[in-house]
Amino acid sequence: MKLHLALVSLLIACMGFGALSLQRTDKRTRIVARCFAALGVVVSFIAMCLYVQKGDSVQNIDTWVVVQGVWAIHLGLDGTSSTLLTLAYVIYAALTMAAPHSYVTRKALQAGALTMVGVVGVLCAWDLVTFAVAWFLTALPLYLSARRQRRTQGTYAIGSLNLAFWGSVLPLIGAVVIIAVAHGGDGTHYPLSLQLDDSKPIALSWQYVAFYLLAVSAFIRAAVIPFHASLPRVVQHGPFISGTLLAGTQLGLVLFIRLGAHVLPTASYECLPFVGWLGLYSTVLAALVATAQKDLRQIVAYIIISQSGLAMVGVASLNEQGVAGALLQSVTTGLGAVGLMLLSWSLADRTATTDVTRLGGLVKQSPRFAALWFTLGIVTIGLPGTLGFIAEDLLVQGILGQHPVLALLFILATALNAIAFLRGFYRAFLGPPGRVELGALPVSVHDLVFRERVVALVLIALVIGGGLYPQPLLDHISGTVETIVRLSR
Amino acid sequence: MLHSHLTDVVTIVVVLAPALSMLAFVVLSIVGLLGPMPSERLTRTITISALLGSFVAALLVFVTLAERHWAPLHIPLGIWFSTPHYKFHLAFHLDLYSSTMLLLTTVVTLLAAKFSGTYLHREPGFTRFFMLLSIFSTGMQLLVLAGTFDLLFVGWELVGLSSVLLVAFYNDRIAPLKASLRIFIIYRLCDLGLLVGNSFLHRAGHGPEIGDLHAEMISPFWATVIGLCFLLATIGKSAQFPLGGWLPRAMEGPTSSSALFYGALSVHAGVYLLLRAGPVLDRSMIASSAIAVVGLSTAFMGTLCWRVQADVKSELAFATMTQVGLMVAEIGLGFRRFVLLHLVAHACLRTYQLLRSPSALADVNAIRFAQDAVSRRGAGPFIDHLPKTWRHALYRLAWERFQLDVFESTITAPVNRLTQVLAKQEERFTHFVDDQLAKKIQQVGAKKDLMGAAQSPEDRQR
């Protein structure tokens, strides 16, 4: 019996957006959003559990022919996308349930729901047009946020959000057009399909052009330096829900895997080393910048950028350990770093700042806040027994044998991330309280409320649970790993 | 059949040892996070019960191994995770070294926990101390029992994390936090050595199994690389020259944690690592020589520095550094069996001295006050006979702790400056993208509007 789980997941996201658009008060919007998020978590988890590992097969496929022989909408899930779908819904649920109420306004939740529709669409789409439309929807809330800020502030004060939108959408559309035209030229049946059985590589000359266009889109979405300007902006100023969703779901990697490996194999194989070097540059630079940051949210932002770069390096290694490590790293970043962002915004809600020079000694007023912030941080940076540790171990094993110098640099970057995190934690939460006359906070900070604690604990439990028993996850993603590694053969 | 039955029993017992400590941590965490902090009595009961269980398990293992005349016992526990060409094996290796260290770990940890129950009475963070003690106990036991270098690394990291957090125990003062951060930086950077060395071991030999390293399959080149990597890890963890300046500062933590970590166990973790890597080191004269040189340098530095310290804990820290340096040198020179005896004896003595140090200060001061006397201690029989200029030079060198702080700052200061420069560049770049680029786009858009307004209606229609 076919369960149409990909279609159902997308319908839940669409219905959620629709339902949220009809709400008139913040409170009701929150309740509706939480209900749909919880439903999405359940359905996506079922989809993940029911996925049967058979190579890189796409399962639960639904197809609607739009133009006979040319375009059919395909929705389905493979091992990696079912895992990332569950991750996306977990992140969405965590945000709707634990974010401070002042940030989960009606408009913010509607924007988040629209982003979620796009994210689910990207993960479930197996044809180019649906993929491109979904990709557009993920970026749209950022653009709308930029326009709203322009109206209220009267100026283009947020060029990075505009660039993030146009820079990620236009190159992808260009690449899709090139692939469609190239396939149309060689008479491929259903040229817009991305399924392994249907898709064929396009002509080599077009592959390079399409790959570089895709790379620009992917780099902007993955916030790889120097295409990263939007992420620190979003982490600091919002939009909170949409921005955190995009930062946590690592769609840039999905773009490389879905389009690059299936449709542009030769160009991917030859150009991935460039991606790896840029990823390494981003990893090391972001780690260095993170150690100098004085704002907790900026520290988190640059740790996310650094870890996204790690994932790029892993994929570019084109071996089993490296690619598997990269995918697990994405999951770890999605859970841990999003948890850190959530708590950082909670802190900002209480204190109106996350500047560590104005904080200090918060552990006395909010010990659980400090404990959970610390725990989320160390599970993100790879404490043994967590998913982050597995990911880093696989990355080291995968990269060290091929490029020892490259591996040493990235190990150094992970050490710097840890140092940046601990330094920020010490300055914000420990030590004597700052002196008010020097700009420190005069207000008291109340501890985490129950829902915040539960969500943080769940995220920690997922990272630790995944770390203690990672084999099911590794089996799920093995098909994708094999597809990417096959590029080198 | 009897042998397999015995192996099963030993497996269960030896797995229980670290598992009980971890269970104590988990229970205390759950209770603390979901409700009010547990009382001192409950905290003590949970932790000491778990540590007692670990001690009993360790004793059983020790006795069992002794009856087997220390014949090694390799206990595979399965595979944690695997990919087609890589497997992370979980295994314990029981022999003279690991069973002795396990017993030492459990005994000293139990004593420190018992001591701390009274020493930290009514101290804020009482439960936090025992939670970190439980993590440390788990990590240290995993480290000494590890049957693979992969698992040893897991224990190594847990030990490092708990030690850093305990140095920052008195977190309302700046000095412990600075010391803790400094130790964390040195640990993280030096732990690269263990991680990299372990990875090379995977590639160069038959895998990182302790006790079955097949060191004869490893070429001298790779043995040198791996040996030097492990030496880097030891330099960090065991406070060896030239990165050992953190050890006296680590005394900022509670006395019982100082005794446990920097007298008895954590500071010897590097020595244990080198003991386990012995077969690899035998294949490389360069690595062995480097290890001996580092150890002797550390011992020389430590023995001079402890004589000029003004407080007892710093004095004991440098004395520890001296002895650990000697142990490292012994390994480099090939006296591995002797090191185990040296390690155990030193751990016991130093633990006692550190636990006694706060009382010893009071005792000495009381005696001095009563006698109204100032005792003059010589620098030692050898140093007292040196020429005056040499004595003064050595005194100066020891007082300035061999300028290790300056050495460390020559490495960290440029990195700090680099991060500041990069952060400023980042700020400028983000500002450019956010504001300047957007303004230029706005200006271009405004120009187009103006041009449109300047055209005649007929031109616009065309």
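The structure displayed is predicted, hence computed values, not measured ones. In what follows, chains are A, B, ... by sequence order, proteins preceding strands, each numbered from 1.
- Counting only heavy atoms from C-beta outward, the side chains of A/Leu408 and B/Val196 approach each other to under 4.5 Å.
- A donor-acceptor pair under 3.5 Å links the side-chain atoms of B/Trp80 to the main chain of A/Gly467, judged by distance alone.
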With side chain to side chain contact (heavy atoms under 4.5 Å, CB included) as the test, would you mind laying out the steps for A/Val396 and B/His202 before giving the verdict? CA-CA 11 Å; A/Val396 168; B/His202 272 280; over 6 Å; no
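- B/Ile174 is listed as a side-chain neighbour of A/Pro432, based on a closest heavy-atom distance under 4.5 Å.
- Going from atom CD1 of A/Ile305 over to atom CD of B/Glu426 covers 6.5 Å, rounded to the nearest 0.5 Å.
- Here the side chain of A/Arg368 pairs a donor or acceptor atom with the backbone of B/Gly32 at under 3.5 angstrom.
- No side-chain N or O of A/Gln397 forms a donor-acceptor pair with one of B/His85 less than 3.5 Å apart.
- Interface remark: A/Leu372 contributes side-chain atoms only to the contact with chain B (heavy atom separation under 4.5 Å).
- Rounded to the nearest 0.5 angstrom, A/Gln471 CD and B/Phe88 CZ are separated by 13.0 Å.
- For chain B, the nearby part of A/Gln293 is the side chain; its heavy atoms alone come within less than 4.5 Å.
- When side chains are defined from C-beta on, B/Phe184 does not count as touching A/Tyr426, because their heavy atoms never get closer than 4.5 Å.
- Side-chain contact between A/Leu473 and B/Phe81: absent, with no pair of heavy atoms (C-beta onward) separated by less than 4.5 Å.
- Both the backbone and the side chain of A/Leu412 come within less than 4.5 Å of a heavy atom in chain B.
- Counting heavy-atom pairs closer than 4.5 Å to chain A, the top-ranked of the candidates B/Leu189, B/Leu181, B/Leu195, B/Thr83 is B/Leu181.
- Looking at A/Tyr302, the atoms closer than 4.5 Å to chain B (heavy atoms on both sides) all sit in the side chain, from C-beta outward.
- Heavy-atom distances place the side chain of A/Phe389, and not its backbone, under 4.5 Å from chain B.
- By number of non-hydrogen pairs under 4.5 angstrom with chain A, the leading residue of B/Leu165, B/Val415, B/Asn416, B/Ile79 is B/Leu165.
- Side-chain contact check for A/Leu422 versus B/Val164: some heavy-atom pair is nearer than 4.5 Å.
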